[in-house]
Q: 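Here it is: the structure, laid out below.
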Protein chains: 2
Amino acid sequence: MSPTIPPKTIQWVGGLNGHVLMIDQTRLPTELVMIECRDAETMWEAIKHLRIRGAPAIGIAAAMGAVLGIRDYGGSDRRGFLKRLDEICDHLGTSRPTGVNLFWALDRMRKHARSTETADIGALKIALLDEARRIRDEDAAMCRAIGKHGEALIRPDCGVLTHCNAGGLATAEYGTALAPLYTAHDRGRRFRVYVGETRPLLQGSRLTAWELQQAGIEVQVLCDSMVGALMKQGRVDLAITGADRIAASGDVANKVGTYSLAVLAQVHEVPFYVAAPSSTFDPLIPDGSGIPIEERDPDEIRCGFGRLTAPPDVPCYCPAFDVTPARLIRGIITERGLIQPVDSERITETLRD
Amino acid sequence: MSPTIPPKTIQWVGGLNGHVLMIDQTRLPTELVMIECRDAETMWEAIKHLRIRGAPAIGIAAAMGAVLGIRDYGGSDRRGFLKRLDEICDHLGTSRPTGVNLFWALDRMRKHARSTETADIGALKIALLDEARRIRDEDAAMCRAIGKHGEALIRPDCGVLTHCNAGGLATAEYGTALAPLYTAHDRGRRFRVYVGETRPLLQGSRLTAWELQQAGIEVQVLCDSMVGALMKQGRVDLAITGADRIAASGDVANKVGTYSLAVLAQVHEVPFYVAAPSSTFDPLIPDGSGIPIEERDPDEIRCGFGRLTAPPDVPCYCPAFDVTPARLIRGIITERGLIQPVDSERITETLRD
């Protein structure tokens, strides 16, 4: 069996005069349209309008966007170069101001420029391109490591349930929640994936179903309300999702619906795993009660499909995330290994290594 | 406080030369459009295209449709009249061939004609109009009785969760699951209703939210995936849904998502009630395992909003219903009283009364 080809979510093509090539995720699943990005403004627009999404992928996009912005800098003075880089990074940061990874990547680019001790502007530009590529490559390696640590959970012929998109489209390559699946697939194992459509924005049906299908993995879509019925029929052997933020206790904030899924998994004795890079842990938050939950625009529920599906003025309950307590999580798969059981001691140990 | 005005789902206006006036439910929630139905063919089309839906409402529509079809019968011979009535009923039965209530109502009309011992065709027509109106009035009375038996469950300032539409739009007046809410509202109690949007066909957000809002009851819409998060926040004091079919054991088949909701309710210690007329019980089915589950067209998931939201050829898991075991149900509210606890003895007792 040939290895899985992950979606080419984002890549830098050519040298310093090259461009960024990325999938326009707003056109999926109906069309696979690639965007050629040759300037920072196009990248700003792409991030802003969710053409690229998923925290790690946004970080990579921002870093590459900074290179696109600075490569045409015509001056020869280092101070002017750094000032211009800051302006470009500040501007890129306004594209999605709540994106933690976005700022992390832009900061890394600024710091890299400052720590590169040369007066040669051309060399500085090359150093920044190298750094952006490194951010991408490190992310790809991190996904592969999660895959390696989680793949043994995917038994032959098993049924795996996932939610939202924590796949290749959200990262450089294999994704987080999907990395164990891609890795098991690479090793020739056959299994079936069920994916909840993930209302309101349907990342499950639009994105996860698409990328698994592209990789040749058997996938079925269901409405989020059907998870209980599916588990009751004994079709789910394992559930696995990504994470947006993990408290020191192991409580996990992730796309709304994850908590319901975890409760249903426990009642049906289905082991529930979370896959996330160690950077997702926030040791400053003791437990889930300290994780702020963003409320989204009610129109995402009322007219998320370009059509009004509820009375126009009806109030909505629309949290972006929910919090799953550590006791419902069998294990957390990180690039450093599998944390199981999930408790603060094991988490501290893994993060310290 | 003035009494609740239920939606005017379906009514016969005037005498034998009158017409049926009903809400076009496919236009909700954006527009309130009334259909004037003056012939059986218009009624056939309305049932076929879900302009009227909900088992009891379809039964009423079919009975009134039979009157519309037969009232212009020009002959004077009883046998010819009955033959024509059969043809009309057969044709109306093809509008939604899986509708149990549809056939029940049409059979009742046929039988009523046969048991009306007169040779006067005009009197026969009047007798059929009376019978159709009686089917409507009996349904309205049944809903009111469910409301009366369930209203005490709706405590002041409580939060009530429901799913799908088992409201006035599905029946002649107060609905089944919503009847206790309308009745409590009539008695001046204030409370808040949460309604899951009910993918794939969104009866919760399109219909239930609309009719509760019309009645002046506070309502919030949520995605089905948000039920767990809502309960965890302590916002739900009571959950209540309708039922499509109830086995002798008390196991309930209802719109998919009901089972997940019932499991989540139990885990969060939220009492879960079902409201349904006693005709919903099927004593010939011992328990839930004997209830056949219809699989729906996968396109309801893949392109339910007139837009493709999943890969066009991706397989889907799309059951219409799921089965909630009796042990998860605190009580079943019928027009004959509240069955609590839910077990076969109490069910038999209630049905026998």
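Chain naming here is simple, since letters A, B, ... match the order of the sequence lines and numbering starts at 1 in each.
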Q: Atom CD of residue position Glu269(B) - does it have more than 12 heavy atoms of other residues, nucleotides or ligands inside 6.0 Å?
A: no
Q: The test is side chain to side chain contact (heavy atoms under 4.5 Å, CB included); show your working for Asp313(A) and Gln213(B) and say whether it passes.
A: CA-CA 10 Å; Asp313(A) 52 346; Gln213(B) 218 179 25; 3.4 Å; yes
Q: Identify the heavy atoms of Leu308(A) and Pro29(B) that sit nearest to each other, and give their distance.
A: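 For Leu308(A) and Pro29(B), the tightest heavy-atom pair comes out as O-CD, 4.3 Å.
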Q: Where on Leu261(A) is there a heavy atom nearer than 4.5 Å to chain B: the side chain, the backbone, both, or neither?
A: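 Neither part; nothing is under 4.5 Å.
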Q: Are any of the side-chain heavy atoms of Met226(B) and Ile301(A) separated by less than 4.5 Å?
A: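 Sidechains of Ile301(A) and Met226(B): in contact.
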Q: Using a 6.0 Å cut-off, check whether atom CD of Glu295(B) has over 12 heavy atoms from anything other than its own residue.
A: yes
Q: What part of Gln233(A) gets closer than 4.5 Å to chain B, counting heavy atoms only: side chain, backbone, both or neither?
A: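 For Gln233(A), side-chain heavy atoms alone lie under 4.5 Å from chain B.
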Q: With respect to chain A, which residue among Leu222(B), Ile293(B), Val195(B) yields the maximal number of heavy-atom pairs within a distance under 4.5 Å?
A: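 Heavy-atom pair counts peak at Leu222(B).
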Q: Counting only N and O atoms by type, is there a donor-acceptor contact under 3.5 Å from the side chain of Ser225(B) to the main-chain atoms of Asp224(A)?
A: no
Q: Pick one of side chain, backbone, both or neither for Arg302(A), based on which atoms fall under 4.5 Å of a heavy atom in chain B.
A: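 When you check distances to chain B, no heavy atom of Arg302(A) falls under 4.5 Å.
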Q: Among Val221(A), Leu201(A), Leu202(A), find the one that has a side-chain contact (heavy atoms from CB on, under 4.5 Å) with Thr309(B).
A: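 That would be Leu202(A).
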Q: Identify which part of Val256(A) has an atom lying under 4.5 Å from any heavy atom of chain B, answering side chain, backbone, both or neither.
A: both
Q: Among Pro311(B), Pro319(B), Gly257(B), which residue forms the greatest number of heavy-atom pairs with chain A at distances under 4.5 Å?
A: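 Between Pro311(B), Pro319(B), Gly257(B), the count favours Pro311(B).
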Q: Is a donor on one side and an acceptor on the other found under 3.5 Å between the side chain of Ser260(B) and the backbone of Gly228(A)?
A: yes
Q: Measure distances from Leu230(B) to the heavy atoms of chain A and classify the residue's part below 4.5 Å as side chain, backbone, both or neither.
A: both
Q: Is there side-chain contact between Tyr259(A) and Met231(B), with heavy atoms separated by less than 4.5 Å?
A: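 No - every pair of side-chain heavy atoms lies 4.5 Å or more apart.
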Q: Which atoms of Val219(A) come close to chain B, meaning under 4.5 Å heavy atom to heavy atom: side chain ones, backbone ones, both, or neither?
A: both
Q: Please report the interatomic distance CZ(Arg199(A)) to CZ(Arg199(B)), rounded to the nearest 0.5 Å.
A: 6.5 Å
Q: Using heavy-atom distances under 4.5 Å, tell me whether Arg307(B) contacts chain A through its side chain, its backbone, both, or neither.
A: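 It is the side chain, since no backbone atom gets that close.
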Q: Can a donor-acceptor pair be found, under 3.5 Å and without considering hydrogens, that links the side chain of Lys232(B) to the backbone of Val323(A)?
A: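 Pair found, side chain donor or acceptor close to backbone of Val323(A).
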